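Every value quoted in this text rests on a predicted model; they were computed, and no experiment measured them. Read the numbers this way: they start at 1 and go in the same order the structure lists the ligands and their atoms.
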Amino acid sequence: MDGQYLPISEAKISVLDWGFLHSDATYDTVHVWNGRFFRLNLHLDRFFASMERLRMKLNYSRDEIESILHHCVALSGHRSAYVEMICTRGGSPTFSRDPRDAVNRFIAFAVPFGSVANQEQLERGLHIAISDTVRIPAESVDPAIKNYHWLDLVKGLFDAYDKGAETALILDTRGNIAEGPGFNVFLIKGAVLKTPARGVLPGITRRSVFDLCAELGLEAQRVDVSRAELKGADEVFITSTAGGIMPVSRIDGAPVGNGQVGPLTRQLKDLYWKKHEDPAWSSPVTYP
Ligand SMILES: Cc1ncc(COP(=O)(O)O)c(C=O)c1O
């Protein structure tokens, strides 16, 4: 941050940064697996598009940011990492309330790879609860801009814990399924995959599922998904850079399908991890 590489424990921002005071920030997260970035270009595309829509500007080019990310991972020494790039509105030297006076700030970090689901949950499937909480409407905060407006998602998580579940899904403004804290969701019914079309971050892992489906000749749709449709699915899985394709085996206490991790979920998950070695999908970190 601020042109320096430092241990994460020493990376501190001002309490006057609008990113902290108003959640006025955007970010992206990419992962490194076995020494290779996964689809870094797509993450950089999304990060730059988010900054543009929030009218933020940095003094770094895309190539410079890419090289900073490589450097962060190399200095950390992690072979598998969770790598975040952040642009905050910053602060104004004159305490102006006008966002145009703020000096935008860039921060990047690499920490060990983390997953939404732990090993046991990956093997037996996650237990999810559907909360009545509604995701902030797209007309207020565009979910395609990756953001830290997470009070709805965190409320959903607490609702899920109260019901004895492990994580949550929340709703869009029409009462259909939207997304969860840090992930998109897919259902499989017959040979067709469906994922909510509206009110969600267009996840890179979600996009990867569409690409994998195209390779496998499977039909995948972006559509409205009702609670009933999700609960009546044969298979359900969630997708995130933090964990990839992760099976769901219970929703609101009831089994999904036969309650076991389904065959298509397994097939997609295996192919997803294989792609981490494919130069068309991944690129090596330049370690010193
Ligand atoms: C709200 C939200 N939805 C979905 C996702 C999944 O996106 P991706 O697959 O790009 O990690 C994330 C990622 O962190 C997220 O924060």
Review point. Given Val225, which of Asn176, Leu187, Leu169 fulfils the side chain to side chain contact (heavy atoms under 4.5 Å, CB included) condition?
Key: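 Among the candidates, only Leu187 passes.
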Is [X] in polar range of ligand 1, meaning some N or O pair under 3.5 Å apart?
X      : value
Arg206 : no
Arg135 : no
Arg46  : yes
Ile204 : yes
His43  : no

[X]: heavy atom below 4.0 Å from ligand 1, yes or no?
X      : answer
Thr29  : no
Tyr148 : no
Arg207 : no

Mark up the atoms of ligand 1 that fall under 4.0 Å of a heavy atom belonging to [X], in ascending order.
X      : value
Tyr27  : 16 (O)
Gly203 : 7 (O), 8 (P), 9 (O), 10 (O)
Glu179 : 1 (C), 2 (C), 3 (N), 4 (C)
Thr241 : 8 (P), 9 (O), 10 (O), 11 (O)

Point to revise | Salt-bridge present (Arg89, Asp17; N to O < 4.0 Å) | key: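 Salt bridge absent between Arg89 and Asp17.
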**Study point:** Salt-bridge criterion met for Glu52 and Lys57 (N-O under 4.0 Å)
**Key:**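 Not counted as a salt bridge, because no side-chain N and carboxylate O are separated by less than 4.0 Å.
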Could you check whether [Y] and [X], counting side-chain N and O atoms only, form a donor-acceptor pair closer than 3.5 Å?
X      : Y      : value
Arg62  : Asn41  : yes
Asp159 : Thr133 : yes
His31  : Thr241 : no

Review point. Any idea how Phe38 and Tyr272 line up, ring-wise: parallel (<30°), tilted (30 to 60°), or perpendicular (>60°)?
Key: perpendicular
Check your understanding: Phe113 vs Trp33 aromatic rings, parallel, tilted or perpendicular, using cut-offs 30° and 60°?
Key -> perpendicular
Practice item. Determine, using ring centers only, whether Tyr27 and Phe47 are less than 6.0 Å apart. Key: no
Review point. Atom 9 (O) of ligand 1: which protein heavy atom is closest, and how many Å away?
Key: Thr205 OG1, 2.6 Å
Check your understanding: What is the nearest protein non-hydrogen atom to atom 14 (O) of ligand 1, stated with its residue, atom name and distance?
Key ->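 The closest heavy atom on the protein side is Lys146 NZ, 2.6 Å.
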Check your understanding: With backbone taken as N, CA, C and O and side chain as the heavy atoms from C-beta onward, which portion of Tyr82 lies under 4.0 Å from ligand 1: side chain, backbone, both, or neither?
Key ->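 For Tyr82, no heavy atom sits under 4.0 Å from ligand 1.
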Revision key, fill the gap. Going by the 4.0 angstrom heavy-atom rule, the piece of Trp150 near ligand 1 is side chain
Review point. Does any non-hydrogen side-chain atom of Phe186 lie less than 4.5 Å from one of Val236?
Key: no
Exercise for review: Going by heavy-atom distance to atom 5 (C) of ligand 1, choose the closest among Ser208, Gly182, Pro181, Pro143.
Suggested key: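 Among Ser208, Gly182, Pro181, Pro143, the closest heavy atom to atom 5 (C) of ligand 1 comes from Gly182.
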Point to revise | Geometric cation-pi criterion Arg222 and Phe210, 6.0 Å radius, 45° cone | key: yes
